[in-house]
Asker: 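I have a structure here, written as structure tokens, and I will follow up with some questions on it.
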Amino acid sequence: MSERINELNRRRTFAIISHPDAGKTTLTEKLLLFGGAIQIAGAVKSKKTDKAATSDFMEIERQRGISVATSVMGFEYNKRKVNILDTPGHQDFSEDTYRTLTAVDSAIMVIDCVKGVEPQTEKLAEVCRMRNTPIITFINKMDREGQDPFDLLDELEQKLNIKVKPLSWPIGIGKTFQGVYNISENKLVLFQSHTKQSKDNSLTFDNIHDEALDKVIGKKEADLLREEVEMVEGVYPKFDLEAYREAGICPVFFGSALNNFGVKELLDCFVDIAPPPQARETGLRLVKPEESKFSGFVFKIHANMNPKHRDRIAFVRICSGMFERNKNYLHVRLDKQFKYSSPTAFLAQDKEIVDVAYPGDIIGLHDTGNFRIGDTLTEGEKFFYKGIPSFSPELFKSIVNRDPSKTKQLNKGIEQLMDEGVAQLFTNHLDQRKVIGAVGQLQFEVIQHRLLNEYGASCEFENVDVYKACWIDSDDTSKLEEFVRLKKGQIATDKHGQYVFLAPSQWILNVVKEDFPDLNFAFTSEIQNFNLAE
């Protein structure tokens with residue numbers, strides 16, 4: 001038992017979150033570099049380079065230079081097992097990010113020092129705050145002409161409603177950027193932009209008042225640094241580990257991910273202070289990670305990670321006990337036992353079979369269609385993990401098949417992509433027309449691209465007159481059936497068979513709510529029904 005407890009305490013499972021282009025995927029690359037998981041850090045693909053980031057394995061991600069799916073990567077560092085979930089930054093794929101945040105114990109938030117706090121950052125921080133997920137902030141691109149560090153900290157506190165505590169401090173910014181002072185370790189690390197790929201590009205001073213510092217960065221700059229550090233230590237609260245782990249305070253680091261600067265200081269501190277696997281709510285009780293019996297839940301499904309093999313992988317977050325290869329586990333929703341002969345751990349698209357896994361680990365299970373997002377696996381106890389919602393989409397389009405001879409491939413592709421949570425599928429109750437609901441336009445482009453390249457199916461999308469999708473239910477079954485009969489042209493079912501009202505306008509939605517007071521109209525839907533039969 002002591003070995004199992006030791007293993008779970010070694011785990012650090014976190015998501016990297018940011019607004020698009022803040023440098024999130026670049027930071028992920030450098031963390032992997034320090035962890036020895038990769039040998040060469042590649043940049044996100046652009047016109048200037050043919051290297052693609054390790055975490056962006058889908059073809060469309062390499063073409064566009066953005067992350068559109070969550071990637072999972074694990075490595076060892078300083079006797080810790082680090083599990084990174086690199087999330088999509090683009091707002092059109094925010095639902096994938098929200099689901100991913102249910103599978104982590106903490107987060108690192110990347111802020112562009114030039115642009116400051118951006119809209120997607122605010123949304124993601126709000127999700128973290130709702131879940132009491134602790135955050136460490138990395139203010140990136142300090143080698144560019146950006147905002148004053150004190151102004152950035154004020155913006156973080158005001159826009160994100162969090163208390164900050166700088167654990168490092170920059171010397172200059174942009175052209176005058178010379179390095180960072182590590183407040184927690186009382187060391188100064190000098191910036192050397194010409195050693196971008198090096199694992200250790202630092203020079204250190206153990207004392208900020210060392211006169212030798214004046215000769216290295218200049219007396220004026222050294223005096224300003226001493227003054228600013230004194231101000232930081234006077235204005236901001238002393239770092240408190242428990243306050244951070246309870247999401248009451250947010251440590252802040254400064255650096256340049258592209259130049260591999262400030263990343264080691266961030267990682268060293270993170271593995272030391274970030275929380276190990278935490279207890280999680282189910283529909284029945286709180287499950288603690290140190291419990292002896294295994295349990296976990298599916299937070300992501302990905303089809304065709306290797307298009308040549310048409311494989312379908314369910315990503316499982318382990319919450320308690322120990323997962324063992326070739327052991328039978330209960331699939332709670334199906335009430336069936338399954339055994340898994342080849343569970344895998346990940347480094348982006350690279351996978352290796354694992355014999356055991358512990359709380360905090362993310363494993364991939366090959367799936368033939370048994371899993372959907374939100375499913376729970378246990379050693380026999382019947383409960384579901386809570387908190388994996390499905391949100392009402394913003395855009396709606398119907399699918400038009402451009403090649404009737406590939407209808408079978410199209411239907412299979414749509415079914416599998418919807419299982420992944422790429423978007424939501426609604427089937428019209430009257431004419432069986434399939435309508436895709438998405439958060440943003442880019443999702444439709446990704447679906448179209450993947451259907452063609454992974455399934456050989458060609459389709460187009462047509463706009464439909466839908467304002468909002470509302471999940472509907474009622475304690476009075478007859479009232480629900482009456483509403484479905486009267487509004488059958490605007491009724492659909494989601495992929496789980498739940499009724500959805502596709503409201504053409506806000507006005508019509510308001511009218512039907514008044515006319516049918518016995519019905520519940522919801523803009524979110526829990527992916528699972530947590531009321532298990534005794």
Side-chain angles (χ1 to χ4, degrees), residues 94-96 98-99 102 282-283 297-301 314 331-335 367 369-376 382-399 411 414-439 443 447 464-504 508-510 512-513 515-533:
S94 55
E95 194 164 332
D96 191 40
Y98 298 154
R99 284 194 297 265
T102 68
T282 73
F297 66 92
V298 176
F299 68 94
K300 174 183 171 63
I301 293 173
H331 186 310
V332 177
R333 178 174 56 84
L334 298 181
D335 197 21
D367 180 34
N370 294 314
F371 284 120
R372 67 191 195 198
I373 291 169
D375 277 343
T376 295
K382 293 185 177 181
F383 58 70
F384 286 111
Y385 279 100
K386 281 187 171 183
I388 308 180
S390 187
F391 298 92
S392 182
E394 303 294 328
L395 301 175
F396 301 86
K397 296 177 187 279
S398 63
I399 306 166
N411 289 338
I414 291 169
E415 179 183 354
Q416 292 194 348
L417 293 181
M418 297 307 108
D419 279 346
E420 291 182 31
V422 171
Q424 294 182 55
L425 178 66
F426 303 105
T427 304
N428 189 280
H429 198 61
L430 184 63
D431 58 12
Q432 300 301 300
R433 181 173 57 161
K434 296 184 186 303
V435 175
I436 299 288
V439 175
Q443 283 175 283
I447 292 167
V464 292
D465 189 22
V466 176
Y467 158 71
K468 206 73 175 173
C470 296
W471 283 271
I472 52 173
D473 64 20
S474 176
D475 293 333
D476 188 334
T477 306
S478 62
K479 294 288 177 66
L480 179 61
E481 290 176 350
E482 179 189 5
F483 181 76
V484 170
R485 180 178 57 81
L486 291 172
K487 301 291 182 182
K488 57 187 176 184
Q490 296 161 350
I491 298 294
T493 52
D494 67 11
K495 72 182 305 297
H496 304 309
Q498 293 176 284
Y499 281 126
V500 180
F501 176 55
L502 301 179
I508 290 177
L509 179 58
N510 291 338
V512 298
K513 281 183 176 181
D515 291 347
F516 295 87
D518 296 315
L519 266 63
N520 301 314
F521 294 83
F523 293 132
T524 62
S525 170
E526 280 285 348
I527 290 175
Q528 287 293 353
N529 173 18
F530 300 109
N531 297 317
L532 287 170

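The figures here come from the full heavy-atom set of this structure, side chains too, leaving out hydrogens, waters and symmetry mates.
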Asker: I need the F384 CZ to D375 CG distance, nearest 0.5 Å.
Answerer: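 The CZ atom of F384 sits 6.5 Å away from the CG atom of D375.
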Asker: Do the rings of Y385 and F297 sit parallel, tilted or perpendicular, given the 30° and 60° boundaries?
Answerer: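 Ring orientation of Y385 relative to F297: tilted.
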Asker: With rounding to the nearest 0.5 angstrom, report the CD1 to CD1 distance, I399 to I414.
Answerer: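 One finds 3.5 Å between CD1 of I399 and CD1 of I414.
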Asker: Please identify each residue that fulfils ring pair (Phe, Tyr, Trp, His ring centres under 6.0 Å) with F371, with sequence neighbours left out.
Answerer: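 If we apply the ring pair (Phe, Tyr, Trp, His ring centres under 6.0 Å) test to F371, skipping adjacent residues, the hits are H331.
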Asker: Taking atom CG of D515 as the centre, does the number of heavy atoms from other residues, nucleotides or ligands within less than 6.0 Å exceed 12?
Answerer: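 Count over threshold, so yes.
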Asker: Measure the shortest side-chain to side-chain distance between F383 and V332 over non-hydrogen atoms and say whether it is less than 4.5 angstrom.
Answerer: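 With C-beta onward as the side chain, the pair stays apart.
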Asker: How many angstroms lie between atom CD of E482 and atom NZ of K487, to the nearest 0.5 angstrom?
Answerer: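 Here the interatomic distance stands at 11.0 Å.
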Asker: At their closest point, which heavy atom of I436 faces which heavy atom of I447, and how far apart are they?
Answerer: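 Reported closest heavy-atom pair: CG2-CD1, 4.0 Å.
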Asker: Of all the heavy-atom pairs spanning T427 and Q432, show the shortest one and how long it is.
Answerer: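 T427 and Q432 have their closest heavy atoms at CG2-OE1, 3.5 Å.
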Asker: Would you confirm whether S474, through its side chain, and L480, through its main-chain N or O, come within 3.5 Å as a donor-acceptor pair?
Answerer: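 The answer is no, because no donor-acceptor pair under 3.5 Å joins these two groups.
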Asker: Considering non-hydrogen atoms only, spot the tightest contact between Q490 and P504 and give its length.
Answerer: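 That would be NE2-CG, 3.4 Å.
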Asker: Would you say V464 and R433 make side-chain contact, with heavy atoms under 4.5 Å?
Answerer: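 Counting from C-beta outward, V464 and R433 do come under 4.5 Å.
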Asker: Below 4.5 Å, heavy atoms only, C-beta onward: do I301 and Q416 meet side chain to side chain?
Answerer: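 No, side chains not in contact.
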Asker: Taking all non-hydrogen atoms of both residues, which atom of K488 and which atom of H429 are closest, and how far apart?
Answerer: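 Where K488 meets H429 most closely, the heavy atoms are O-CB, 3.9 Å.
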Asker: To the nearest 0.5 Å, tell me how far M418 CE sits from L425 CG.
Answerer: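 Taking CE in M418 and CG in L425, the distance rounds to 6.5 Å.
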Asker: Indicate the atoms forming the closest heavy-atom contact of F426 with A492, along with that distance.
Answerer: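 Answer, listing the atom of F426 first, then A492: CB-CB, 3.9 Å.
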Asker: Among F521, F483, F501, find the residue that satisfies the ring pair (Phe, Tyr, Trp, His ring centres under 6.0 Å) test when tested with F516.
Answerer: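 Result: among F521, F483, F501, F483 is the only option passing the ring pair (Phe, Tyr, Trp, His ring centres under 6.0 Å) with F516.
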Asker: Nearest heavy-atom pair of G489 and L430: which atoms, and what distance?
Answerer: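 Smallest interatomic distance, heavy atoms only, reads CA-CD2, 4.1 Å.
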